[in-house]
J.: 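One structure, as C-alpha cells, below. Some questions next.
In what follows, chains carry the letters A, B, and so on, assigned in the order in which the sequence lines appear, proteins first and then strands, with residues in each chain numbered from 1. Treat the numbers as computed from the prediction; the structure is a model and nothing was measured.
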Amino acid sequence: MDLETKRHSFAHILAHAVQELYPGTKLGIGPDVENGFYYDFDLPEKISEDDLPKIEKKMKDLINQDLKFKREEVSKEEAKKLLEDQPYKLELLEDLDEVSIYKTGDLVELCKGPHVDSTKQLDPDAFKLTKVAGAYWKGDEENKMLTRIYGVAFDSEEKLEDYLEFKEEAKKRDHRRLGEKLDLFHVDEDVGPGLILWHPKGALLKKLISDHVVERYRKNGYDLVSTPHIAKFGLWEKSGHADFYEDNMFPKMHMKELDKEEKDDYQLKPMNCPFHVSIYQQDIKSYRDLPLRYTELGTVYRYEKSGTLHGLTRVRGLTQDDAHVFCTKQQLSEELVKLLDLTESILKDFGFENYNITLATQPEKYIGSDEIWEKSQNALKYALDELNFEYEEEPEEGAFYGPKIDMNLEDAIGREWQCTTIQVDLNLPERFDMTYVDEDGNEQKPIMIHRALLGSLERFIGILIEHYAGNFPVWLAPEQVWVISVGSRNRDYASEVAEKLQQEGIRAEVRNDNKTVSKKIRQGEVQNIPYLLVVGDDEQEEDGVSVRKESEDLGLMKTEEFIKKIKEEIKNKE
RNA sequence: GCCGGAGUAGCUCAGUGGCAGAGCACUUCAAUGGUAAUGAAGAGGUCGUGAGUUCAAUUCUCACCUCCGGCUCCA
C-alpha cells in the first residue's frame, strides 16, 4: 500500500472524526499532500490548535475499530441523494461524469480514491495533526473561507518522529532567527511592516552579493543604469501599471491638491521598467545597437497585503537585480538562451544547483496578438530545451503582458519562493511606442525582456541564509577572520596580525577583550566566523597563527602562509 | 485582505486581579587565560498601544498595531 493512499485515507478518517465531534460539519475536500494530508471543513463552531489532540484521539479510536473503506460506483442521482446535506460535495458533483463514493463506517464520501481497504492498514501512531488554517473554498478569494486541518502521516511511528525532528532542526535555519542571531537585519514596527533595516553585517553581505552580480552582468554585455524612486503618476498610467497593478502600489502622492503650483501627482515606483524605456528612447536606435541591456539594482515599493509579509522573503520595499533587454524578434531566442545560461551560472556561484523551473503561458486576460504570444512562448521553450532544463508548464499563469519563466528556490522547511524571473514583455514597447530602424531603414518595434536573476536581494538573501544555515562561504562572510589573543601580553601582536590581514583586503576583527580563549572561540563558533585565529606566546614567537576552521584545529602556520591560503579560497569562492 | 494563534528586560522564556521573575547578553570588580560558556556584584520594564470593567488591570473585556502558521497574491 503506497504512502499517498494511506495519507488520503488518513484525511478521510479526519473527516469522520470531525463529523462525529462536531455534528453538522460540512465537508470540503481532503487530499493527500507532501508529507501528509489536509481536510477542509465548514464547521458549526470555531476551533483552534488546542482542539487537535481531541480530534487526534477520536481518529485513533476510529482506526482501531478496523473500519472498512467500501467503494461504490453510483449514478449522479444516487450520489445527490446520499450527499444531500453536503453542499460542497454537491457542488463538486456537478462537474463529474463518473461518480464513485466511499463508505467508511457512517461516513459517505464523494471520492475517486484510491484508499486502503481497512483502517487496519493504517498505523494509529504514524500520524499527527499539525495545524489549523483558513482556506478559501476552491482556492478562490471570493468564496467562503473554510477551516483546514493539516496533518502529517508516514508508514511508521519512527518515520513520523524522524520527520518531526527534521522540522525542528530546519526551524533553526530560519533566516528570521539567524538574521537576529548573526545581527544582519531587523524590521521595526515604527518604520513599517515589510521594510528591512540592514545592520552593518547584513548591509555588507548585501553589497558583496550586489557587487558580484553587477560585475557579472557587466561582463555579459549589460550596461549599468540608475533611476529615481518616484515618477509622475502619468508615467504609470502610460505604462498600464495604474490600471493593472494599482492594488499593489503605495497610494499616489497628491501633489496637485496640496500645492497649487504643482501640476502633477507623483508615485513611488513599484517597478523599474518605464525608466529603462525612457533611457532607451533618448535617441533613435538602430538595429546595430541591439541587443541593448540595461541593468539596475532598483529599489521598488509594493503594497503587499499585510497577511502575506514574511521576513526577508516577502517584503514591501525590495531591491531587484533588474534588467531589461531590448532586441529584435530574430535575436529573441538567442538572448533567452544567454539569459538562462547566465542564470544557471550565477545561481551556482551561490551554491544553488537545484531549483524548480516553471513556464507560465498566455492567461485569460492578455494584451497583444495571439501570434506574438505563440512566438514568445516558443522562444522561451526553445531556450529551456536548448539548455536541457526540465520545467513544468503552468497554463494561463503568465502576466497579462507576456509569458515568463520563473525559477523557484526552496527555504529551509521546503517552502518554494520565486526568485529568478524572465519575462517577455509585449506591452511596454507598444504603449511607449518604442522603435528601432532596421537594415532597410524601416521603423520596427523591439522585443523587451524583463528579467531579475536573483529576483530581489531581500528574498534571495533570505533563502541564502537558510541555504547555508548562516554558515557563509568565506567570500560572502561579513566577518571572515577573528584574531583571538590568549593573554593580555599577546594583545599587541593580535592587533598587528589583524591589521596585516586587513591590509590584504581580508575582513578580520581582533578580539582582545577580557575573556577566556574558550569563551571567545565559542562566540566565534556561534557567530559562524569562518576562521578563528588563536595567537599566544607560541604564535608570537613563530610569527604565526593557530588556525581553527569548522570547529577543527588546523594547527600553527606562518601568518603569510595563512594569508595566501585564505586569499586563494576567497578568489575561488569556496 | 481572510481564518487561527501570539505579544512580559536586548535575546530565550516563567508568572500573577494586590511590590515584576530566571538564564544568556550588558556594566563594574577580581582572575591573564591555550581551542564551544572563569567567578562575584550591579544595572536593566509604560508586561505591544488605546479605551472599558474594578477599590485595584501586566492579568478580565473591546478596538487597534505588530509578529507567527496557513489561504489568496507574488520578487
Side-chain angles (χ1 to χ4, degrees), chain A residues 38 40 43 46-52 130-150 174 176-177 180-181 183 186-194 245 247-248 270-271 298 300 302-316 318-322 397 399 404 406-409 413 415 417-421 423 450-460 462-463 484-491 514-526 532-539 546-549 551-556:
Chain A
Y38 69 78
D40 288 344
L43 288 155
K46 276 189 184 179
I47 65 162
S48 75
E49 265 159 48
D50 298 336
D51 299 303
L52 294 182
T130 50
K131 54 201 173 199
V132 178
Y136 298 107
W137 168 238
K138 286 188 169 175
D140 189 338
E141 220 176 344
E142 303 293 313
N143 287 341
K144 181 167 184 180
M145 181 157 271
L146 306 179
T147 303
R148 176 172 296 178
I149 298 177
Y150 281 94
D174 191 312
R176 291 164 300 187
R177 187 185 170 122
E180 184 172 298
K181 198 181 103 184
D183 195 15
H186 82 282
V187 180
D188 184 340
E189 202 174 312
D190 293 333
V191 172
Y245 207 71
D247 287 350
N248 277 302
M271 294 188 180
V300 298
R302 299 180 180 177
Y303 191 72
E304 303 291 347
K305 288 182 194 167
S306 58
T308 64
L309 300 175
H310 185 98
L312 290 177
T313 50
R314 189 70 183 270
V315 295
R316 282 182 172 166
L318 53 138
T319 305
Q320 296 180 304
D321 62 321
D322 208 357
E397 291 291 316
K404 59 173 185 166
D406 290 328
M407 302 204 186
N408 305 309
L409 299 177
I413 62 168
R415 283 181 294 219
W417 296 93
Q418 182 190 318
C419 290
T420 306
T421 186
Q423 314 179 345
H450 174 119
R451 46 116 290 189
L453 300 195
L454 303 183
S456 81
L457 286 167
E458 287 75 11
R459 177 174 291 181
F460 188 77
I463 303 282
I484 296 169
S485 54
V486 176
S488 55
R489 65 179 172 278
N490 310 116
R491 284 180 189 171
N514 247 338
K515 290 183 177 123
T516 61
V517 174
S518 290
K519 180 78 169 192
K520 288 189 264 194
I521 295 269
R522 181 183 152 77
Q523 289 178 337
E525 291 283 349
V526 169
L532 301 175
L533 306 183
V534 177
V535 297
D537 294 345
D538 300 347
E539 290 75 14
S546 279
V547 182
R548 180 182 164 114
K549 192 191 187 194
S551 305
E552 202 185 332
D553 190 348
L554 303 181
L556 203 158

J.: Quick check: any donor-acceptor pair below 3.5 Å linking the side-chain of Arg302(A) to the base of C73(B)?
T.: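 In this structure, the two groups form no donor-acceptor pair.
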J.: Starting at NZ of Lys404(A), measure out to CD of Gln423(A) and round the result to the nearest 0.5 Å.
T.: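 Lys404(A) atom NZ to Gln423(A) atom CD measures 5.5 Å (nearest 0.5 Å).
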J.: Roughly how many Å apart are U66(B) and G48(B), using the C1' atom of each and rounding to a whole number?
T.: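 Those two atoms are separated by 7 Å.
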J.: Quick one: is C68(B) close enough that its OP1 or OP2 comes under 4.0 Å of any side-chain N or O from Lys131(A)?
T.: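 Negative; the distance criterion is not met.
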J.: Check if the side chain of Arg177(A) and the base of C11(B) share a donor-acceptor pair of N or O atoms closer than 3.5 Å.
T.: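 For Arg177(A), whose side chain was compared with the base of C11(B), there is no donor-acceptor pair (under 3.5 Å).
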J.: Across the strands shown, which category fits Glu142(A) at heavy-atom distances under 4.0 angstrom: base, sugar-phosphate, nothing?
T.: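 Nothing, no heavy atom under 4.0 Å.
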J.: Using only modelled atom types and a 3.5 angstrom limit, is any donor from either the side chain of Tyr136(A) or the base of G1(B) paired with an acceptor on the other?
T.: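 Indeed, a donor on one side and an acceptor on the other fall under 3.5 Å apart.
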J.: Taking the P atom in each of U38(B) and A75(B), what is the distance between them to the nearest angstrom?
T.: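 Those two atoms are separated by 49 Å.
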J.: Is Ser546(A) touching bases, backbone alone, or none of the nucleic acid, heavy atoms closer than 4.0 Å?
T.: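 The residue Ser546(A) makes base contact.
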J.: Any side-chain N or O of Arg176(A) below 4.0 angstrom from OP1/OP2 of C67(B)?
T.: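 Arg176(A) to C67(B) OP1/OP2: no side-chain N or O under 4.0 Å.
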J.: Spell out yes or no: do the side chain of Glu189(A) and the base of G7(B) have one donor N/O and one acceptor N/O closer than 3.5 Å?
T.: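 Per atom types, no contact qualifies.
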J.: Just N and O in the side chain of Lys515(A): are any of them under 4.0 Å from OP1 or OP2 of C26(B)?
T.: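 Looking at the OP1 and OP2 atoms of C26(B), one of them is under 4.0 Å from a side-chain N or O of Lys515(A).
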J.: So, OP1 or OP2 of G69(B): does either fall under 4.0 Å of a side-chain N or O from His310(A)?
T.: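 For G69(B), OP1/OP2 do have a side-chain N/O of His310(A) under 4.0 Å.
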J.: Kindly check if the number of other-residue, nucleotide or ligand heavy atoms within 6.0 Å of OH (Tyr303(A)) is above 12?
T.: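 Counting neighbours around OH of Tyr303(A), 12 or fewer heavy atoms of other residues, nucleotides or ligands fall under 6.0 Å, so no.
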J.: Using the P atom as the point on both nucleotides, what is the distance between A20(B) and U27(B), in whole Å?
T.: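 To the nearest whole Å, 27 Å.
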J.: What distance, rounded to whole Å, do you find between the two P atoms, one in C71(B) and one in U58(B)?
T.: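 The answer is 38 Å between these two P atoms.
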J.: Confirm from the modelled atom types if Glu525(A) and A37(B) form a donor-acceptor pair under 3.5 Å, side chain to base only.
T.: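 No, the side chain and the base share no sub-3.5 Å donor-acceptor pair.
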J.: G44(B) pairs with which nucleotide, Watson-Crick or G-U wobble, both distances below 3.5 Å?
T.: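 When the pairing criteria are applied, nothing turns out to pair with G44(B), so the answer is none.
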J.: Grab the two heavy atoms, one from Val526(A) and one from Lys181(A), that are nearest each other, plus how far apart they are.
T.: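 Scanning both residues, the minimum pair turns out to be O-CE, 3.3 Å.
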J.: Hey, does the side-chain of Arg548(A) have a donor or acceptor N/O within less than 3.5 Å of a partner on the base of A36(B)?
T.: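 Per atom types, the contact qualifies.
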J.: Please report the shortest heavy-atom distance between Glu458(A) and Leu318(A), naming the atom on each side.
T.: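 Where Glu458(A) meets Leu318(A) most closely, the heavy atoms are OE1-CA, 3.4 Å.
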J.: At under 4.0 Å between heavy atoms, what does Ala133(A) touch on the DNA or RNA strands: base, sugar-phosphate, or nothing?
T.: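 Base: the residue Ala133(A), judged by heavy atoms under 4.0 Å, touches a nucleobase.
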J.: Quick check on RNA chain B: between Lys46(A) and Ser488(A), whose nearest nucleotide comes earlier from the 5' end?
T.: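 Nearest nucleotide further toward 5': that of Lys46(A).
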J.: Say we look at A25(B) and U35(B): how far apart would their C1' atoms be, to the nearest angstrom?
T.: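 Result for the C1' pair: 22 Å, nearest Å.
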J.: So, is Gln418(A) close to the C74(B) phosphate, meaning a side-chain N or O under 4.0 Å from OP1 or OP2?
T.: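 Result: no.
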J.: Can you tell me, in whole Å, how much space there is between the C1' of A37(B) and that of U46(B)?
T.: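 Taking atom C1' in both A37(B) and U46(B), they lie 34 Å apart.
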J.: Do Gln320(A) and Ser456(A) meet the criterion of a side-chain donor-acceptor pair at a distance under 3.5 Å?
T.: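 Looking only at side-chain atoms, Ser456(A) and Gln320(A) do not form any donor-acceptor pair under 3.5 Å.
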J.: Report the distance from atom NZ of Lys549(A) to atom C1' of U35(B), rounded to the nearest whole Å.
T.: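 One finds 17 Å between C1' of U35(B) and NZ of Lys549(A), rounded.
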J.: P atom, G7(B) versus U16(B): distance in rounded Å?
T.: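 To the nearest whole Å, 13 Å.
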J.: Could you check whether Asn514(A) gets within reach of a base, just the sugar-phosphate, or nothing at all, counting any heavy atom under 4.0 Å?
T.: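 Base, at least one base atom sits under 4.0 Å.
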J.: Think Thr421(A) has a side-chain N or O under 4.0 angstrom from the OP1 or OP2 of A75(B)?
T.: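 For Thr421(A), the contact criterion (side-chain N or O under 4.0 Å from OP1 or OP2 of A75(B)) is not met.
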J.: Please give the distance between the C1' atoms of U12(B) and A30(B) as a whole number of Å.
T.: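 Going atom to atom, C1' in each nucleotide, I get 29 Å.
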